[in-house]
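Please read the structure below before turning to the comments.
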Protein chains: 2
Amino acid sequence: MADINVTAKGSGVAGATERPASGGAAADGPRTEPAWDIIELLFFAYRDFVGDPDEVLSKLGFGRAHHRVLHFVNRNPGMKVADLLDILNITKQSLGRVLKQMVDQGYVLQKEGAQDRRQRLLYVTPKGEALALKLAGMQTARITRAIAELGPAAHESARRFLTAMIDADDREAVLRLIARADRAAQPRS
Amino acid sequence: MADINVTAKGSGVAGATERPASGGAAADGPRTEPAWDIIELLFFAYRDFVGDPDEVLSKLGFGRAHHRVLHFVNRNPGMKVADLLDILNITKQSLGRVLKQMVDQGYVLQKEGAQDRRQRLLYVTPKGEALALKLAGMQTARITRAIAELGPAAHESARRFLTAMIDADDREAVLRLIARADRAAQPRS
DNA sequence: CAAAATATGTCAACATGGCTGACATAAATG
DNA sequence: CATTTATGTCAGCCATGTTGACATATTTTG
């Protein structure tokens with residue numbers, strides 16, 4: 001995707017690759033030297049990570065927003081609209097637009113809650129599940145390839161790194177979400 | 001950021017957490033079982049990773065697009081507009097809008113190329129550098145905190161994982177970009 | 001040199017997916 | 001019964017992506 005080939009006029013002076021923390025006092029500015037490598041790698045890795053699904057989705061007239069909805073509904077069948085809003089962190093109006101399209105086109109369906117009939121519990125249809133799995137498959141292929149290159153320990157270390165990058169407050173909830181979804185989803189065959 | 005607390009009606013049946021690769025034949029569908037954990041952790045980690053800068057930027061009337069421009073110009077002073085377009089992978093019209101604002105507001109400046117006078121080489125102003133470093137500082141704080149939790153080896157393993165997640169074609173170019181920028185940028189004090 | 005290619009900018013129109021504010025409805029809850 | 005809750009919806013705004021067409025200056029090439 002695109003040739004990256006910058007011709008910046010580097011002051012060829014080189015040398016100071018190791019610049020271990022500035023000598024400044026304690027204030028609110030940046031304390032340590034920026035972790036440019038991780039910052040940029042994360043940018044490019046994420047760009048490619050979502051790039052594969054994006055292509056497929058755009059052929060269906062969908063965008064990344066649809067992907068997120070489909071993903072989480074597939075992973076958490078029967079979830080409430082409010083739950084989805086919390087996860088995606090968008091307004092109900094934004095969600096509504098996207099959700100309506102996916103319902104209309106038969107990827108997602110809504111069932112009235114049994115206990116609380118105000119709720120519209122969300123489920124993917126078989127068609128929706130197929131798409132969700134296709135997209136997840138593309139991302140998994142990338143992940144699997146990466147881990148294969150690095151050795152099996154890479155999975156665990158990636159998992160831990162990514163977890164540690166999440167806001168401490170949310171971390172627990174995210175892990176619970178993942179664990180619960182693992183249990184709940186796909187009562188297959 | 002938001003309470004995540006899904007009340008999906010999991011078929012409490014649990015058990016099959018280890019579902020090692022589907023038994024299907026060889027087709028074009030998803031081969032291995034989706035790596036749900038990494039997929040979702042990456043989603044949440046990236047969300048928080050860009051969240052801190054987003055807050056600061058929005059107070060300045062800027063968005064994520066401005067951040068990307070500022071970041072790469074700061075890291076690659078003197079880069080050509082075309083280079084930036086290649087990295088960001090957007091159209092010149094999209095870039096133009098954002099770039100114009102940053103130039104007008106004194107974060108970025110453009111100089112005519114010395115050899116090729118058609119080029120408008122991009123530089124951050126001191127004001128631009130300050131903002132770039134502030135944003136990078138926030139992201140670095142998160143990264144540093146994460147790595148501190150995991151031990152020093154985490155930096156290298158994160159770097160390798162993220163690199164492996166990048167499209168193989170681009171990987172070399174990205175690494176070169178990072179390495180060159182490390183050399184070129186900030187001829188400080 | 002004249003013609004073509006290149007680097008950049010710009011105008012206009014459009015799509016997506018965020019946002020706010022206001023309001024509607026149905027159901028649960030005190 | 002009054003209130004709160006869960007959800008939906010209308011209307012409009014903003015940011016940031018897109019395409020297509022075209023302009024301008026400069027370099028490169030036949």
Side-chain angles (χ1 to χ4, degrees), chain A residues 1-3 5-8 47 50-51 53-55 57-70 73 78-104 108-122, chain B residues 1-3 5-7 47 50-51 53-55 57-70 73 78-105 108-122:
Chain A
M1 238 178 246
D3 323 76
N5 212 325
V6 177
T7 10
R47 164 121 109 26
V50 294
D54 279 357
E55 273 185 68
L57 289 158
S58 73
K59 285 174 191 157
L60 297 171
F62 289 153
R64 207 171 292 175
H66 299 84
H67 187 188
R68 293 194 285 257
V69 168
L70 186 64
V73 173
M79 76 189 305
K80 294 187 297 175
V81 171
D83 291 336
L84 192 48
L85 286 174
D86 269 346
I87 290 176
L88 299 181
N89 212 12
I90 60 178
T91 60
K92 62 177 171 179
Q93 295 91 328
S94 294
L95 173 59
R97 210 165 18 194
V98 169
L99 190 52
K100 193 172 190 307
Q101 297 173 46
M102 310 211 70
V103 170
D104 289 349
V108 171
L109 58 85
Q110 298 179 277
K111 284 192 213 175
E112 199 172 65
Q115 301 84 7
D116 188 334
R117 289 169 42 219
R118 290 171 302 180
Q119 299 172 350
R120 296 298 130 85
L121 306 184
L122 301 169
Chain B
M1 234 179 247
D3 323 78
N5 211 325
V6 177
T7 11
R47 162 118 113 24
V50 293
D54 279 357
E55 273 184 69
L57 288 158
S58 74
K59 286 175 192 157
L60 297 172
F62 290 153
R64 208 171 291 175
H66 300 84
H67 187 188
R68 292 193 287 258
V69 168
L70 186 64
V73 173
M79 76 189 306
K80 294 186 298 175
V81 170
D83 291 334
L84 191 48
L85 286 174
D86 269 345
I87 289 176
L88 299 181
N89 214 12
I90 60 178
T91 58
K92 62 178 171 179
Q93 293 91 328
S94 293
L95 173 59
R97 209 165 16 197
V98 170
L99 190 52
K100 193 171 189 307
Q101 296 174 48
M102 309 212 70
V103 170
D104 288 350
Q105 297 184 43
V108 171
L109 58 85
Q110 299 180 278
K111 285 193 212 174
E112 198 172 65
Q115 302 84 8
D116 188 335
R117 289 167 42 216
R118 290 169 304 181
Q119 300 172 350
R120 295 298 130 86
L121 306 185
L122 302 169

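Quick note: numbers below take in every heavy atom, side chains included, and nothing from hydrogens, waters or symmetry partners. Chain letters run A, B, ... following the sequence lines, proteins first, then strands; residues in each count from 1.
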Exercise for the section: In whole angstrom, give the distance that lies between atom CG of A:L95 and atom P of C:dC19. Expected result: 10 Å
Handout entry: Euclidean distance, B:K59 NZ relative to B:E55 CD, rounded to 0.5 Å
Key = 6.0 Å
Handout entry: Passing candidate, side-chain contact (heavy atoms from CB on, under 4.5 Å) with B:I90, options B:L84, B:V69, B:L95
Key = B:L95
Exercise for the section: Calculate, to the nearest 0.5 Å, the distance between atoms CG and CD belonging to A:L85 and A:Q93 respectively. Expected result: 9.0 Å
Problem - Base versus backbone protein contacts along nucleotides 23-30 of chain C [heavy-atom cut-off under 4.0 Å; B, S, -] - result: ----BS--
Practice task
Return no unless some side-chain N or O of A:T91 is found under 4.0 Å from OP1 or OP2 of C:dC19.
Solution key: yes
Practice task
Round to a whole Å and report the spacing from CE of B:M102 to P of D:dT16.
Solution key: 10 Å
Exercise for the section: Classify the side chain of A:Q93 and the base of C:dG17 as holding, or not holding, a donor-acceptor pair under 3.5 Å. Expected result: no
Problem - Separation of C:dC11 C1' from B:R97 CZ (nearest whole Å) - result: 12 Å
Fill in the blank from the handout: Between the CE atom in B:M79 and the CD atom in B:Q119, the distance rounded to the nearest 0.5 Å is 12.0 Å
Exercise for the section: Please state how far atom CD in A:Q101 lies from atom P in C:dG18, giving the value in whole angstrom units. Expected result: 11 Å
Problem - D:dG17 phosphate, OP1 or OP2, under 4.0 Å from B:R68 side-chain N/O - result: yes
Practice task
Using atom NZ of A:K80 as one end and atom C1' of D:dT7 as the other, report the distance to the nearest whole Å.
Solution key: 11 Å
Problem - Whichever of B:K100 and A:H66 has its nearest DNA chain C nucleotide further upstream toward 5' - result: B:K100
Practice task
Calculate the interatomic distance between B:I90 atom CD1 and D:dT18 atom P; express it in whole Å.
Solution key: 6 Å
Exercise for the section: Round to a whole Å and report the spacing from CG of A:L121 to P of D:dA6. Expected result: 12 Å
Problem - Any B:K111 side-chain heavy atom under 4.5 Å of B:R120 side chain - result: no
Exercise for the section: Tell me what A:G63 touches on the nucleic acid: a base, only sugar-phosphate, or nothing, going by heavy atoms under 4.0 Å. Expected result: sugar-phosphate
Exercise for the section: Please check the phosphate of C:dC19 (OP1 and OP2 only) for any side-chain N or O of A:S94 closer than 4.0 Å. Expected result: yes
Exercise for the section: For residues B:L121 and B:K80, determine if any side-chain heavy atom of one lies less than 4.5 Å from a side-chain heavy atom of the other. Expected result: yes
Fill in the blank from the handout: note: A:L122, atom CG; D:dA6, atom C1'; distance rounded to Å ~ 12 Å
Practice task
Start with the C-alpha gap between B:V81 and B:K92, add the side-chain angles, then the distance that decides, and say whether side chain to side chain contact (heavy atoms under 4.5 Å, CB included) holds.
Solution key: CA-CA 8 Å; B:V81 170; B:K92 62 178 171 179; 5.8 Å; no
